[in-house]
Every structure is written in structure tokens, then in C-alpha cells.
S.K.: 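My questions will all concern the structure given below.
Sequence lines set the chain letters: A, B, ... in the order given, protein chains first and strands last, and positions in each chain run from 1.
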Amino acid sequence: MKLTVAGNAKEYANGLTVAQLIELEKVETPQYVTVSINDEFVESGVFANTSLKDGDNVEFLYFMGGGR
Amino acid sequence: MAFSNEQLERYSRHIILQEVGVKGQKKLMDAKVLIIGAGGLGAPAALYLAAAGVGTIGIADADEVDLSNLQRQVIHSTPDVGKAKVLSAKESMNAINPEVTVNVYREFVNASNITDLIAGYDFVIDGTDNFPAKFLINDACVLSKKPFSHAGIIRFKGQLMTYVPGQGPCYRCVFREPPPPEAVPTCRQAGVIGAIGGIIGSLQAMETVKYIIGKGDLLTGYLLTYDALKMDFRKIKLPDVKNCAVCGENPSILQPFDYEQVACKL
Ligand SMILES: [Zn+2]
């Protein structure tokens, strides 16, 4: 299936979960990442049992705490 | 109020713009902007807003200038090391534009002072370096119906979003709660390229100017992310959140509060 992850369209294995995608994409500080699928936030508690579907648009939003 | 010849010349590049003109320049000169944090983000924002003729700029920071600040905090100079950041910032801003009234607050913002602090301003810029402060600014601005620009930087990356009451999600809609102390690296631990502050802080100044003159599309409902190594800007659409703890339909946060402050001296 084709997913758009952080703006990049790529082929992924069917049935991939959000948790597996996070691991596959080597997401930094994975326990603190915010995920949206097709402009809806996904609760972090359900990453492991949320399967992605062909055509899904996934965004990772990261904490960025610097500034001074 | 009529413009003096000197003002017409100083702001000529603004006034010639169709979107600004004399009217827009007048709006800038009547505007009051508060910058919290006189560092990597606050420095470029303060310099550009002072140069733009924003009439009143407040700047809040409790720290003194440190040698390690000068790699990115371009509002301070080598002779300023040891000086209060807010005073050093004010000198630089008034050197660029003596017409600007700079109010200095040599203090850290906290739940007991932030509401009064932001009350006198039209727009707030978050230039802080830690999550407790970023959540505090968000909550206080949401509760006081005050538009603000959020930003964060680290290493070669930065991001920002703009909150305007009723026009999209707040910072807490997206990030919920601060991560535990030390869970996510700070600039001091991880490093940051100085120019990232220049880019993101300048974008915060740009959002402020657009808000004041009332032109263009603000970054409301979007998070703009910048990755310098990939030279990639992305504008990520943010979902609407109905159950946000501070801006949602049944908020549980009814007044600003402090998270345990982790010392983050840069
Ligand atoms: Zn919210």
C-alpha cells in the first residue's frame, strides 16, 4: 500500500500499524511524538492497534523546546 | 497623526508596499508586542520589530548575557556579557530605532505574573527555551484571548505556529502536556545552529507584522517546520481538537499554572 509519511509518498507493507511505522521511520523520541492521520490526531495509547490504510497521509509532530 | 519627513524616509520601504502603506505603518506604530525571552528567537524578532517601527515592544527575560549566547543571540554584543539581557536588548533596539518604546521586564514569567504582563499587549511572541514556559504562555494567551506566536528550535530544526482566538488549535491541542524533564533534549544539551534562531525568530516577526497590518494568511491551524540539513520547509495542517484542556469545549484549565520548572540556563 502507498502511504504519504511526512510529505513523502512511499510503498509500505499492508496492515502496518502506527507503532510499526514509528519504528520503521526511526522516529526520534517515539514515546513523545504526536501523530496525525488524514488530519486527525491519533491517541498515543492506540498506536499499536491502529492499522494504516492505502492512501493514508501520516504526519509526525515533534516537541521542540529550544528558543533562547 | 502626520508622519514626519524622517518617518516617511525611515519607513519608505514599508509605505510603498500596497499591503502596508501609511495606514499599515500607523498600525505598526500603534501596536504593542510582548516578546518573552531575549535569546535565539527573541533577538531577531525584537530587532526586526523595532526596525519596523512597532510602537511599543515589551521584552521579558531574567538572565544576563553569557558568552555562549553570542553564537546566536544577535541582539547582544561582546561588550554586553554580564549585562541584563533585557537592557542589552533595549539598547540594540533603540540604536536601530529610537522611536520605539521598549518596556523591560527583568523577570521570568510565571503563573502569578503572566496574565498582567500580557494584558497590555496586542500580540505575544514565545521565545522561551523550555516546555513549562511554552505551555504557560499558551494557556495564559488562550485564557486571555491573546494572539501569539509559538516557536521552538533545536539542532538544525525549527518550527512555529500562530494562535489567534477562535481561528484554530492552540499549542496544547497539539502537544497536550510537557514531556518529562530531560526526556526531550534542550538546545544546551543538543546544540543549535545560530541561524535557525534567525530564521524562525524572523518568521515570528513576520507573523506579528501580518497580524498587526491585517494582511495575508497567518499560520493558524498549521505548524510550519524547517529542517536546515534537508533545506525543507513544510506546512503541516493541524487537526481541530474539541477536547483540548484549555481551549476545548469543556476546559479543565481555567487559569495559568506552573509546571515544575527545570533549570535551563543557557
Ligand atoms: Zn487547545
Side-chain angles (χ1 to χ4, degrees), chain A, chain B residues 36-43 61 63 69 72-73 85 126-134 150-155 157-160 169 173-180 183-192 196-197 200-201 223 225 232 234-241 264-266:
Chain A
M1 64 175 175
K2 192 169 259 181
L3 301 177
T4 302
V5 179
N8 299 308
K10 273 198 296 186
E11 282 295 329
Y12 292 87
N14 284 330
L16 195 73
T17 66
V18 173
Q20 287 167 334
L21 180 68
I22 285 172
E23 205 177 321
L24 199 64
E25 293 294 323
K26 299 187 174 65
V27 165
E28 236 183 287
T29 56
Q31 60 275 49
Y32 304 112
V33 75
T34 297
V35 178
S36 78
I37 303 174
N38 306 331
D39 296 334
E40 294 281 343
F41 287 129
V42 184
E43 297 290 328
S44 58
V46 300
F47 285 176
N49 41 33
T50 301
S51 295
L52 294 156
K53 302 182 307 296
D54 186 53
D56 277 350
N57 181 24
V58 184
E59 294 286 358
F60 297 122
L61 300 146
Y62 299 95
F63 274 114
M64 232 173 256
R68 263 174 3 122
Chain B
I36 305 179
L41 293 166
D61 199 308
D63 269 347
N69 298 153
R72 63 197 177 285
Q73 301 180 12
K85 279 188 179 178
D126 173 1
T128 64
D129 62 352
N130 64 87
F131 295 110
K134 290 183 186 302
H150 160 83
I153 51 174
I154 194 139
R155 300 191 182 106
K157 293 180 179 177
Q159 63 186 22
L160 73 156
C173 285
V174 183
F175 293 107
R176 305 286 182 89
E177 290 281 324
V184 175
T186 63
C187 288
R188 185 179 53 156
Q189 296 156 335
V192 64
I196 289 282
I200 304 295
L223 183 75
T225 66
D232 191 22
R234 297 195 60 233
K235 195 174 160 186
I236 302 171
K237 190 172 186 326
L238 297 172
D240 280 323
V241 174
C264 185
K265 300 278 176 219
L266 292 196

S.K.: Heavy-atom distance under 4.5 Å to chain A: side chain of Asp126(B), backbone, both or neither?
M.R.: neither

S.K.: Considering only heavy atoms, which portion of Glu40(A) lies under 4.5 Å from any heavy atom of chain B: side chain, backbone, both, or neither?
M.R.: backbone

S.K.: Counting only heavy atoms from other residues, nucleotides and ligands, does the tally under 6.0 Å from CD of Glu23(A) exceed 12?
M.R.: no

S.K.: For each of Leu223(B), Val174(B), Leu238(B), tally heavy-atom pairs with chain A at distances under 4.5 Å, and name the one with the top tally.
M.R.: Val174(B)

S.K.: Take Val18(A) and Ile22(A) through the side-chain contact (heavy atoms from CB on, under 4.5 Å) test and state the conclusion after the steps.
M.R.: CA-CA 6 Å; Val18(A) 173; Ile22(A) 285 172; 4.0 Å; yes

S.K.: Of the backbone (N, CA, C, O) and the side chain (C-beta and beyond), which part of Ala151(B) lies under 4.5 Å from a heavy atom of chain A, both, or neither?
M.R.: backbone

S.K.: Side chains of Thr17(A) and Asn49(A), heavy atoms from C-beta outward: is any pair under 4.5 Å?
M.R.: no

S.K.: Please check: side-chain N/O of Lys134(B) versus main-chain N/O of Thr128(B), any donor-acceptor pairing under 3.5 Å?
M.R.: yes

S.K.: Specify which of Pro178(B), Pro180(B), Gly201(B) makes the most heavy-atom pairs with chain A at under 4.5 Å.
M.R.: Pro180(B)

S.K.: Can you classify the ring geometry of Phe175(B) versus Phe63(A) as parallel (below 30°), tilted (30 to 60°) or perpendicular (above 60°)?
M.R.: tilted

S.K.: What part of Glu28(A) lies closer than 4.5 angstrom to a heavy atom of chain B: side chain, backbone, both or neither?
M.R.: side chain

S.K.: Of the listed residues (Ala183(B), Gly197(B), Gly37(B)), which shares the most heavy-atom pairs with chain A below a 4.5 Å separation?
M.R.: Ala183(B)

S.K.: Examine distances only and state if a side-chain atom of Asp39(A) and a backbone atom of Pro239(B) form a donor-acceptor pair shorter than 3.5 Å.
M.R.: no

